[in-house]
Amino acid sequence: MNIGQKLGLLWLTTFDRSQFLYKSLKSVSFIYRYSFYILITVSLWFLIEKVGVMIDIRTYDSIPVFAQTLIIFCGLFIKYASIIFVMALGAYEAIYDFDVDKYLEELKTKKQFIKDNKLQKWRLRNMHIFFRVLFYIGLWCFLYLLLEDILISAFFDIYGHNPSKDIYIKFLIDYDLTIKYFTGIYLITIIILDFFVRKNRNAIKEFPTETLTKE
């Protein structure tokens, strides 16, 4: 399976599940298809360029800089999304002679196998250890920031915004101790969790044979 077929099938199974665009374009002659590609490319380019010239956000001083940046970003997103859309339509050319129905049936079988055996990529036991470690670190950062916010908010609620030096120093000592206990408990919990994750990983079933159509 070449890159064009992979891109075409990816677009088909992700954004064109009803196969409306696929079947509509496949039913017409390649001359009309290529004319359509050229027409939609030129039209999108002309529309985006014209709108960009007519609406020059930087000339509106009343709009805050962050709002200008956001609007420009949205414009760039629409521009590149349009390019990707046209490229995806062009990738369909690689699968018009491909047995799409057989591929979709085999893909459905594989997805059902993945669901039945809990082989989804988002499950911890199916993640590579590098991504699991990133997840654990990210979770620790989130919990740390949450705990820090709770402790600091509670401190100022109790002692006000002008606590004495002794109270503030005592808070810092207790805060440091709390963070250390929290980190230790978190590490022990994660080690136990990852032990069972790796234990279950050893029992993972593999898809019996790669049956997806190859051409």
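For the single chain, residues carry numbers from 1 onward in sequence order. Because the structure is predicted, anything quoted here is derived from the model rather than measured.
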* If we only count heavy atoms from C-beta on, is the Leu147 to Leu151 side-chain gap below 4.5 Å? -> yes

* Tell me, with the steps shown, if Phe195 and Ile191 meet side chain to side chain contact (heavy atoms under 4.5 Å, CB included). => CA-CA 6 Å; Phe195 169 77; Ile191 290 171; 5.7 Å; no

* Gap separating the CZ atom of Phe171 from the OG1 atom of Thr178, nearest 0.5 angstrom -> 8.5 Å

* Under a single-linkage definition using a 4.5 Å side-chain heavy-atom cutoff for Ile, Leu, Val, Met, Phe, Trp and Tyr, are Phe15 and Leu7 assigned to the same hydrophobic cluster? -> no

* To do: May I ask whether Ile40 and Tyr32 are part of the same hydrophobic cluster, defined by side-chain heavy atoms of I, L, V, M, F, W, Y residues being less than 4.5 angstrom apart, directly or through others?
  => no

* **Ring centroid separation Tyr159 to Phe155 under 6.0 Å** => yes

* Which residues pass the side chain to side chain contact (heavy atoms under 4.5 Å, CB included) test with Tyr96, sequence neighbours left out? -> Tyr22, Leu25, Lys26, Arg33, Tyr37, Tyr92, Glu93

Would you give me the side-chain donor-acceptor pairs under 3.5 Å for residues 180-189, sequence neighbours excluded?
from   : atom 1 : to     : atom 2 : distance (Å)
Lys180 : NZ     : Asp176 : OD2    : 3.3
Thr183 : OG1    : Ile179 : O      : 2.8
Tyr186 : OH     : Tyr136 : O      : 2.5
Tyr186 : OH     : Trp140 : N      : 3.4
Thr189 : OG1    : Ile185 : O      : 2.7

* Answer yes or no: is there a donor N or O on one side and an acceptor on the other, between the side chain of Ser27 and the main chain of Ser24, under 3.5 Å? => yes

* Atom pair CD (Gln5) and CD1 (Ile3), whose distance is rounded to the nearest 0.5 Å -> 11.0 Å

* Asked: How far does CD of Glu106 sit from CG of Asp101, to the nearest 0.5 angstrom?
  -> 11.0 Å

* Does atom CG of Leu177 have more than 12 heavy-atom neighbours from other groups under 6.0 Å away? -> yes

* Asked: Given the rule in the side chain to side chain contact (heavy atoms under 4.5 Å, CB included) test, do Asp149 and Leu145 qualify, once you have shown the distances and angles that lead to the verdict?
  -> CA-CA 6 Å; Asp149 184 65; Leu145 292 173; over 6 Å; no

* Rounded distance (nearest 0.5 Å) linking atom CD of Gln112 with atom CG of Leu107 -> 12.0 Å

* Structure fact -> Minimal heavy-atom distance between Ala91 and Gly8, with the atoms involved, is CB-N, 3.7 Å

* To do: Indicate, with yes or no, if Ile158 and Phe156 share a hydrophobic cluster defined by side-chain heavy-atom contacts under 4.5 Å among Ile, Leu, Val, Met, Phe, Trp and Tyr.
  => yes

* Asked: If you take all heavy atoms of Leu12 and Ile95, which pair is closest and at what distance?
  -> CD2-CD1, 4.5 Å

* Answer whether the closest heavy-atom distance between the side chains of Val197 and Leu193 falls below 4.5 Å. => yes

* Asked: Side chains of Leu21 and Phe85: closer than 4.5 Å at any heavy-atom pair?
  -> yes

* Asked: Counting only N and O atoms by type, is there a donor-acceptor contact under 3.5 Å from the side chain of Asp16 to the main-chain atoms of Phe20?
  -> yes

* Structure fact -> When rounded to the nearest 0.5 Å, the distance separating CD1 of Ile169 from OG of Ser164 is 9.0 Å

* Honestly curious: do Phe142 and Phe135 fall in one hydrophobic cluster under the side-chain, below-4.5 Å linking rule? -> yes

* To do: Check whether Trp11 and Tyr34 end up in the same hydrophobic cluster, where Ile, Leu, Val, Met, Phe, Trp and Tyr are linked by side-chain heavy atoms less than 4.5 Å apart.
  => yes

* Mind telling me whether His128 and Phe131 have parallel, tilted or perpendicular rings, with 30° and 60° as the class edges? => perpendicular

* Atom OH of Tyr103 and atom NZ of Lys110: how far apart are they, to the nearest 0.5 Å? -> 8.5 Å

* Under a 4.5 Å cut-off applied to non-hydrogen side-chain atoms, are Ser35 and Ile38 in contact? -> no

